[in-house]
J.: 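One structure, pasted below without further comment.
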Amino acid sequence: MLLLISPAKRMAADPDAFAPESLPQFLPEAERLLAALQAMSPAALRTLWRCSETLALQNLERLAVTDLRRRLTPALLAYDGIQYRFMAPTVFETAQLDYVRSRLRILSGLYGVLRPFDGVAPYRLEMQARLAVDGCRDLYEFWGGRLAEALAREDDCMVNLASREYSRAVAPHLPPSVRFVSCTFGALADGRVVEKGTLCKMARGRMVRWAASQGADRPEDLRDFAELDYRYDPSRSTAESLVFLGKGDIP
């Protein structure tokens, strides 16, 4: 079983604290994307990034000196979003580190698929960005089925804890032999399950931490997750969709 998660927009660089264990498997592709970004004008990059002027200037400065092979930070420690804070990898024990090393994969617009201890440089490139490279109109077309093929070679069961922006780069390309199970963390509204962005990110991060502490081996093991007031709802779940609701929404 592999756990798939999204990256975070906010990143930290600390190349002197922890040495990466490896380079990303799609590094040549990442370098092509980086070259395309570095060839763009500042105005075109601001449009692509869709961020504030302050963030655009910060990322323009980063982009000018980015080197994908030197002074890198392990991916698991480089991302600094809500999901990663609730995962709290900096305080993982040895068994938890071993678990995520073998089972956690991070989907990335720039790097494709990352193992937790692959070395990365700070970047800004969302999967949904319309970056045209190698005759492809966007990153979904650029990556095509490569990410799904690489993941399927590792395992025939995947638990999706990524946002739709990232999971759609993988799910449509998986062979029928691969089981793909999604987790939903929501609340009831007019009888429907509704997810809220921040709470979902918190729960996804905590789910990774819980799975690592329990040594979860199958999607069915995740049904026992009961943190941040979420509980598994068997009435709304299926074999391919695990639904967790706030404690007050469970009958």
J.: How about Tyr99 and Phe92: are their ring centroids closer than 6.0 Å?
T.: no

J.: Between the side chain of Arg146 and the main-chain N/O of Phe142, is any donor-acceptor distance below 3.5 Å?
T.: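 At least one qualifying donor-acceptor pair exists.
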
J.: Between Thr73 (side chain) and Ala13 (backbone), is there a donor-acceptor pair under 3.5 Å?
T.: no

J.: Establish, yes or no, whether the cationic atom of Arg137 lies under 6.0 Å from the six-membered ring centre of Tyr140 and within 45° of the ring axis.
T.: no

J.: Got Leu245 and Tyr230 here, is their nearest side-chain heavy-atom distance under 4.5 Å?
T.: no

J.: Is any side-chain heavy atom of Val170 less than 4.5 Å from a side-chain heavy atom of Trp143?
T.: no

J.: Hey, which of Val208, Thr90, Ile106 is the one that makes side chain to side chain contact (heavy atoms under 4.5 Å, CB included) with Tyr84?
T.: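 Exactly one candidate clears the test, Ile106.
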
J.: Report yes if the side chains of Leu151 and Leu2 come closer than 4.5 Å at any heavy-atom pair, otherwise no.
T.: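 Contact flag for Leu151/Leu2 side chains = yes.
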
J.: What are the two closest heavy atoms between Glu165 and Gln128, and how far apart are they?
T.: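 Minimum heavy-atom separation between Glu165 and Gln128: OE2-N, 3.2 Å.
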
J.: So, for Val133 and Ala36, which heavy atoms are closest and what is the spacing to 0.1 Å?
T.: CG2-CB, 3.7 Å

J.: Please tell me if the side chains of Phe225 and Arg206 come closer than 4.5 Å, counting only heavy atoms from C-beta onward.
T.: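 Yes, at least one pair of side-chain atoms sits under 4.5 Å.
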
J.: Quick one: CG on Leu60 to CD on Glu53, what's the gap to the nearest 0.5 Å?
T.: 8.5 Å

J.: Measure the shortest side-chain to side-chain distance between Pro219 and Met1 over non-hydrogen atoms and say whether it is less than 4.5 angstrom.
T.: yes

J.: Heavy-atom count around Arg164 CZ within 6.0 Å, excluding the residue itself: above 12?
T.: no

J.: Do any N or O atoms from the side chain of Trp49 and from the backbone of Leu125 form a donor-acceptor pair under 3.5 angstrom?
T.: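 No, because the side chain of Trp49 does not come within donor-acceptor range (under 3.5 Å) of the backbone of Leu125.
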
J.: Hey, what do you get for CZ (Arg130) to CZ (Arg50), rounding to the nearest 0.5 Å?
T.: 10.5 Å

J.: Got a donor-acceptor contact below 3.5 angstrom from the Ser213 side chain to the Trp210 backbone?
T.: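 Judged by distance alone, yes, a pair lies under 3.5 Å.
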
J.: Any ion pair linking Arg209 and Glu227 (charged N to carboxylate O, less than 4.0 Å)?
T.: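 No, Glu227 and Arg209 are not salt-bridged.
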
J.: Are side-chain heavy atoms of Val120 and Leu68 found at a separation under 4.5 Å?
T.: no

J.: Do the non-hydrogen side-chain atoms of Lys196 and Phe185 ever get within less than 4.5 Å of each other?
T.: no

J.: Quick check for you: to the nearest 0.5 Å, what is the distance between Phe26 atom CZ and Leu114 atom CG?
T.: 10.0 Å

J.: Closest heavy-atom contact between Glu154 and Arg105?
T.: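 Scanning both residues completely, I find the closest heavy atoms to be OE1-NH2, 2.7 Å.
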
J.: Does a donor on one side chain and an acceptor on the other come within less than 3.5 Å for Asp118 and Ser22?
T.: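 Side-chain D/A pair, Asp118 to Ser22: present.
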
J.: Closest heavy-atom contact between Ala189 and Val194?
T.: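 So the two residues come closest at CB-CG2, 3.8 Å.
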
J.: Hey, what do you get for CG (Leu33) to SG (Cys136), rounding to the nearest 0.5 Å?
T.: 9.5 Å

J.: Can any side-chain N or O of Glu141 pair as donor or acceptor with the backbone N or O of Asp138 at less than 3.5 Å?
T.: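 A pair under 3.5 Å: no.
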
J.: Is the backbone of Val243 close enough, under 3.5 Å, to the side chain of Ser237 for a donor and an acceptor to pair up by distance?
T.: yes

J.: Applying the 4.5 Å side-chain criterion to the ILVMFWY set and letting contacts propagate, would Leu77 and Met11 be lumped into a single cluster?
T.: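 As far as the 4.5 Å side-chain criterion goes, Met11 and Leu77 are not connected within one cluster.
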
J.: Do the side chain of His173 and the main chain of Gly144 share a donor and acceptor less than 3.5 angstrom apart?
T.: yes

J.: Would you name the heavy atoms of Leu222 and Phe244 that are closest together and state the gap between them?
T.: O-CZ, 3.4 Å

J.: Determine whether the side chains of Ser163 and Ser6 contain a donor N or O and an acceptor N or O closer than 3.5 Å.
T.: yes

J.: What's the shortest heavy-atom distance between Pro7 and Ser108, and which atoms?
T.: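 Heavy-atom minimum between the residues: CG-CA, 4.4 Å.
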
J.: Measure the shortest side-chain to side-chain distance between Leu4 and Tyr166 over non-hydrogen atoms and say whether it is less than 4.5 angstrom.
T.: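 They are not in contact (no side-chain heavy atoms under 4.5 Å apart), so the answer is no.
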
J.: Should Glu220 and Arg179 count as an ion pair when the cut-off is N to O under 4.0 Å?
T.: yes

J.: Quick check for you: to the nearest 0.5 Å, what is the distance between Arg204 atom CZ and Ile5 atom CD1?
T.: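 One gets 10.5 Å once the value is rounded to the nearest 0.5 Å.
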
J.: Please tell me whether Met87 and Phe18 are part of a single hydrophobic cluster in this structure, the criterion being side-chain heavy atoms less than 4.5 Å apart.
T.: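 As far as the 4.5 Å side-chain criterion goes, Phe18 and Met87 are not connected within one cluster.
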
J.: Should Tyr123 and Leu55 be counted in the same cluster of Ile, Leu, Val, Met, Phe, Trp and Tyr side chains packed under 4.5 Å apart?
T.: no

J.: Indicate yes or no: does Asp80 engage Arg85 in a salt bridge with an N to O separation below 4.0 Å.
T.: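 A salt bridge is present here (some side-chain N lies under 4.0 Å from a carboxylate O).
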
J.: Nearest 0.5 Å please: distance from the SG atom of Cys51 over to the CZ atom of Arg46.
T.: 9.0 Å

